[in-house]
There are 2 protein chains.
Amino acid sequence: MAERGRPRSFDRDNALHRAMMLFWEKGFQGTSMSELTTAIGINAPSLYAAFGSKDALYREAMALYEQGDGIELGRQIAEAPSAKAAVEAYLMRSAALFTRPGKPAGCMVVLSVIHGAGTSSQTGAALRDARAEAQTIIEARLRQAVEAGELPATCDPAGIASFYITVQQGMSIRARDGATLPELEAIAQSAMAAWDGLTQARS
Amino acid sequence: MAERGRPRSFDRDNALHRAMMLFWEKGFQGTSMSELTTAIGINAPSLYAAFGSKDALYREAMALYEQGDGIELGRQIAEAPSAKAAVEAYLMRSAALFTRPGKPAGCMVVLSVIHGAGTSSQTGAALRDARAEAQTIIEARLRQAVEAGELPATCDPAGIASFYITVQQGMSIRARDGATLPELEAIAQSAMAAWDGLTQARS
DNA sequence: TCCTTTCTATATCGATCGATAAATAATCTT
DNA sequence: AAGATTATTTATCGATCGATATAGAAAGGA
């Protein structure tokens with residue numbers, strides 16, 4: 001049972017990738033359907049037939065981003081030999097991802113706090129969930145370290161995760177403002193200077 | 001030599017304040033002239049006569065914001081008895097400013113990294129300058145502490161300032177995402193845990 | 001070879017965007 | 001009171017927004 005009807009004249013994955021780059025760069029409101037169709041090289045009806053609406057296209061673009069950089073950061077955390085190494089890798093890898101030549105600076109999910117303005121409530125909820133996921137992952141890694149005896153039971157995994165996620169989100173802003181890779185790496189290292197104080201047993 | 005012609009029927013300062021609140025809340029692109037005129041309670045020609053253009057209005061709104069919260073944070077830094085107290089006050093006061101009831105969450109200048117998209121190049125430059133100013137102020141306070149012998153000459157004022165500004169900018173994102181005052185204060189305190197490590201004499 | 005199906009190209013929809021022309025109203029100057 | 005000046009109201013400008021109706025083109029199935 002092969003595909004029926006006239007075959008699509010463009011590559012859907014490639015079109016989605018181009019859309020992701022535009023949304024990442026300019027945000028939802030800042031990117032027009034006209035820009036999208038021009039960048040992809042197709043007409044509006046083809047884009048609507050393939051993705052449904054601008055809002056749905058944005059959601060797919062966000063999912064594609066998460067499957068790339070999001071998974072990459074998650075792997076850094078999972079594969080690190082210790083909780084401290086996981087957090088450090090998370091920040092250092094973020095610095096690299098935020099400054100790749102040829103890609104928009106900063107994290108698409110983080111910037112969506114503002115970039116996502118104008119999207120539907122459905123998309124807004126998806127964005128909020130995506131942002132909350134980083135907290136969940138890092139917090140889980142810290143709890144695991146506590147249970148393994150690597151970190152004292154008195155430390156606060158939620159609070160520590162919250163701090164490092166805040167730093168990473170701040171790095172997104174800095175990257176958007178033109179910060180270089182060395183500058184972002186220095187910020188990441190500065191944040192790691194708080195590690196011992198945050199994880200040591202409290203009195 | 002009194003004012004000639006028909007007097008303005010609305011309060012310009014009040015109109016600017018309402019415009020600032022809207023731009024702060026929804027960004028430049030996210031706020032339409034229609035919303036602005038409705039919120040202020042005047043017609044479009046009156047708004048254009050008073051402020052020139054949407055872009056110029058945004059610039060004035062940004063200046064008003066800086067004269068409020070910007071000056072407030074600058075005073076916290078200037079009046080603190082030590083460099084450490086200055087940075088701590090900067091972060092703790094930011095946490096409070098970012099979560100005031102009745103005001104949009106986060107810092108208008110920081111969020112303008114993205115919110116400002118769509119503004120003219122002139123406005124974009126003004127926004128970039130405003131963002132760079134925090135770095136200048138904190139860095140200067142740290143250099144002053146070094147010269148006063150309060151901090152060792154081996155520490156890196158630019159790097160330390162960069163880190164704490166990144167945390168503060170991250171707090172803006174978190175505030176936008178619904179973080180509460182206690183949560184932001186905890187993040188600020190976590191960042192302060194890095195102080196000793198960042199300022200101690202290097203080997 | 002026709003029919004069904006799906007996609008593409010052209011043209012355009014109503015709504016809204018930022019901004020303004022023209023006419024009227026309100027104030028100061030003389 | 002008359003003229004000058006400025007603000008306001010009303011109506012609307014051209015451009016662009018996201019989205020589609022329509023018709024033609026390209027494939028598989030019968």
Side-chain angles (χ1 to χ4, degrees), chain A residues 1-16 18-20 22-23 25-62 112 115-124, chain B residues 1-16 18-20 22-23 25-62 112 115-124:
Chain A
M1 199 187 291
E3 303 158 8
R4 313 208 355 186
R6 178 173 175 172
R8 185 176 281 126
S9 66
F10 62 96
D11 183 73
R12 193 182 189 277
D13 291 338
N14 180 265
L16 181 57
R18 287 174 188 268
M20 177 192 73
L22 277 175
F23 280 136
E25 170 89 38
K26 317 177 73 170
F28 179 78
Q29 286 177 321
T31 306
S32 70
M33 292 303 291
S34 171
E35 286 175 292
L36 288 164
T37 54
T38 299
I40 297 173
I42 59 178
N43 294 113
S46 296
L47 193 57
Y48 279 94
F51 297 99
S53 69
K54 184 187 181 185
D55 200 83
L57 174 58
Y58 184 81
R59 246 175 288 135
E60 278 204 53
M62 180 65 66
S112 76
H115 262 162
T119 58
S120 67
S121 58
Q122 175 187 357
T123 301
Chain B
M1 196 187 291
E3 303 156 9
R4 310 200 4 175
R6 177 173 178 171
R8 184 176 282 127
S9 66
F10 62 95
D11 183 74
R12 193 182 189 277
D13 291 339
N14 180 265
L16 181 58
R18 287 175 188 267
M20 178 192 73
L22 276 176
F23 281 135
E25 170 90 37
K26 316 177 74 170
F28 179 77
Q29 287 178 321
T31 307
S32 69
M33 292 303 291
S34 171
E35 286 176 294
L36 289 164
T37 54
T38 299
I40 298 173
I42 60 177
N43 295 114
S46 296
L47 193 56
Y48 279 93
F51 297 99
S53 68
K54 185 187 180 184
D55 201 84
L57 174 58
Y58 184 80
R59 247 175 287 133
E60 279 205 53
M62 180 66 66
S112 75
H115 263 162
T119 58
S120 67
S121 58
Q122 175 187 358
T123 302

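Letters go in sequence order (proteins before strands), and every chain restarts at 1. Remember, it's a predicted structure, so these values are computed and weren't measured experimentally.
In terms of the side chain to side chain donor-acceptor pair (under 3.5 Å) criterion, B:R8 has no residue partners (sequence neighbours excluded). Under the salt bridge (charged side-chain N to carboxylate O under 4.0 Å, His left out) criterion, B:D11 pairs with no residue at all, not counting sequence neighbours. The salt bridge (charged side-chain N to carboxylate O under 4.0 Å, His left out) check on B:R18 picks up nothing, with sequence neighbours excluded. A search for side chain to side chain donor-acceptor pair (under 3.5 Å) contacts involving A:T123 returns A:D55, A:R59, A:S120, not counting sequence neighbours.
B:M33 has its CE atom 16 Å from the C1' atom of D:dA15, to the nearest Å. In this structure, A:K54 atom NZ and D:dT16 atom C1' are separated by 12 Å, rounded to whole Å. Atom CZ in A:F51 sits about 16 Å away from atom P in D:dG18, given to the nearest Å. The distance between atom CG of B:L36 and atom C1' of C:dC17, rounded to the nearest whole Å, is 13 Å. Between the CG atom of A:L57 and the P atom of D:dA19 there is a distance of 10 Å, given to the nearest Å.
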Worksheet item: What is the per-nucleotide protein-contact pattern of nucleotides 2-9 of chain D, from the 5' end, where B denotes a base atom under 4.0 Å from a protein heavy atom, S denotes such proximity for sugar-phosphate atoms only, and - denotes neither?
Response: --SBBBSB

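Two residues, A:E35 and A:G52, neighbour DNA chain D, and the one matched to the more 5' nucleotide by heavy-atom proximity is A:E35.
Contact check, A:Y48 against D:dA19: a side-chain N or O comes under 4.0 Å of OP1 or OP2.
Nucleic acid contact class of A:T31 (heavy atoms, under 4.0 Å, all strands): sugar-phosphate only.
Atoms CD and CD, from A:E25 and A:E35 in turn, are 10.0 Å apart once rounded to the nearest 0.5 Å.
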Please tabulate, for side-chain N and O atoms in residues 36-43 of chain B, each donor-acceptor pair with protein atoms closer than 3.5 Å (sequence neighbours left out).
unit_1: B:T37; atom_1: OG1; unit_2: B:M33; atom_2: O; d: 3.1
unit_1: B:T37; atom_1: OG1; unit_2: B:S34; atom_2: O; d: 2.9
unit_1: B:T38; atom_1: OG1; unit_2: B:S34; atom_2: O; d: 2.8

